[in-house]
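Index from 1, following the sequence. Because the structure is a prediction, the values reported are computed rather than measured.
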Amino acid sequence: QVQLVESGGGLVQAGGSLRLSCAASGRTFSTAGMGWFRQPPGKEREFVASISSRSSVTYYADPVKGRFAISRDNAKNTAYLQMNNLKPEDTAVYYCALKVGNVAVTTTRSYDSWGQGTQVTVSS
């Protein structure tokens, strides 16, 4: 069973930046697709970004295109989400997820393992 641990969340002013990290245990990370999702207060979990196992393919949700960047370091078993120009509407609990298989996907149900989440709060 893969374990995922997110870190890097916090409180930031609008226009600021944060970098989330997702550390994975086990040997499947380098051959797995990774994704970031978020759940705003009172709303359902939504897709943010995903990346294939060798970083050749990435997808982004429209609201974050041009502001967020997903990346990974397979040597460190870690995925990242760089978030720039943050807006109050980006406030949410952010989750990383792992999908067995080397593709990048955008649907919640496609993922096999999830982290516990990290809170991101953007003040106006």
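- Distance check, rounded to the nearest 0.5 Å: CZ of Arg72 to OG1 of Thr58 gives 12.0 Å.
- For the atom pair CG (Leu86) and OG (Ser123), the distance works out to 10.0 Å, reported to the nearest 0.5 Å.
- Annotation: cation-pi geometry not satisfied between Arg38 and Phe47 (NZ/CZ under 6.0 angstrom from ring centroid, within 45° of ring axis).
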Legend entry - Step-by-step side-chain contact (heavy atoms from CB on, under 4.5 Å) determination, Thr91 to Val120: CA-CA 5 Å; Thr91 295; Val120 171; 6.0 Å; no
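- Panel note: side chain Ser52, backbone Gly33; no donor-acceptor pair is recorded below 3.5 Å.
- Using a 4.5 Å cut-off between side-chain heavy atoms of Ile, Leu, Val, Met, Phe, Trp and Tyr, with links allowed through other members, Val100 and Met34 fall into the same hydrophobic cluster.
- Note on Val105: it clusters hydrophobically with Tyr59, by side-chain heavy-atom contacts below 4.5 Å among ILVMFWY residues.
- For Tyr94 (side chain) and Ser7 (main-chain N/O), no donor-acceptor pair under 3.5 Å exists by modelled atom type.
- Within the 3.5 Å criterion, the main-chain N or O of Glu46 finds no donor-acceptor partner in the side chain of Gln39.
- Distance CG/Leu81 to OG/Ser50: 11.0 Å, rounded to 0.5 Å.
- Taken to the nearest 0.5 Å, the NZ atom of Lys99 stands 5.5 Å off from the OG atom of Ser110.
- Nearest heavy atoms, Ala69 versus Tyr60: CA-OH, 3.3 Å.
- Defined by atom type and a distance below 3.5 Å, a donor-acceptor pair is missing between the side-chain atoms of Thr31 and Thr28.
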Inset, instruction - Report the C-alpha separation of Phe68 and Asn84 in whole Å, then their side-chain angles, then the decisive distance to 0.1 Å, and conclude whether the side-chain contact (heavy atoms from CB on, under 4.5 Å) test is met. - result: CA-CA 6 Å; Phe68 290 12; Asn84 299 325; over 6 Å; no
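- Considering every non-hydrogen atom in both Asp90 and Val122, the closest pair reads CB-CG2, 4.3 Å.
- The closest side-chain donor-acceptor pair between Thr78 and Asp73, if any, does not fall under 3.5 angstrom.
- Contact of the Arg67 side chain with the Lys87 side chain is registered, since non-hydrogen atoms from C-beta on lie closer than 4.5 Å.
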Legend entry - Steps toward side-chain contact (heavy atoms from CB on, under 4.5 Å) verdict (Leu20, Thr118): CA-CA 8 Å; Leu20 304 184; Thr118 185; 4.0 Å; yes
Inset, instruction - Would you please test Tyr95 and Phe37 for ring-ring contact (aromatic ring centres under 6.0 Å, His included) and show each step? - result: CA-CA 5 Å; Tyr95 299 89; Phe37 292 76; 8.7 Å; no
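- Judged by distance alone, with hydrogens and angles left aside, the side-chain atoms of Ser25 form a donor-acceptor pair with the main-chain N or O of Gln3 at under 3.5 Å.
- One distance of note links CG of Asn85 with OG of Ser17; it measures 8.0 Å at 0.5 Å rounding.
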Legend entry - Worked verdict on Val2 versus Asp112 for side-chain contact (heavy atoms from CB on, under 4.5 Å): CA-CA 9 Å; Val2 174; Asp112 302 291; over 6 Å; no
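- The minimum heavy-atom distance linking Ala14 with Ser124 is given by the pair CB-CA, 4.4 Å.
- Hydrophobic clustering, with ILVMFWY side chains joined whenever heavy atoms are under 4.5 angstrom apart, groups Val57 together with Tyr111.
- Looking at Phe29, Trp36, Tyr80 one by one, the single match for side-chain contact (heavy atoms from CB on, under 4.5 Å) with Cys22 turns out to be Trp36.
- Taken to the nearest 0.5 Å, the SG atom of Cys96 stands 4.5 Å off from the CG atom of Leu4.
- Looking at heavy atoms from C-beta onward, Thr121 lies out of side-chain contact with Val12 at the 4.5 angstrom threshold.
- A donor-acceptor pair under 3.5 Å is absent between the side-chain atoms of Gln82 and the main chain of Arg19, judged by distance alone.
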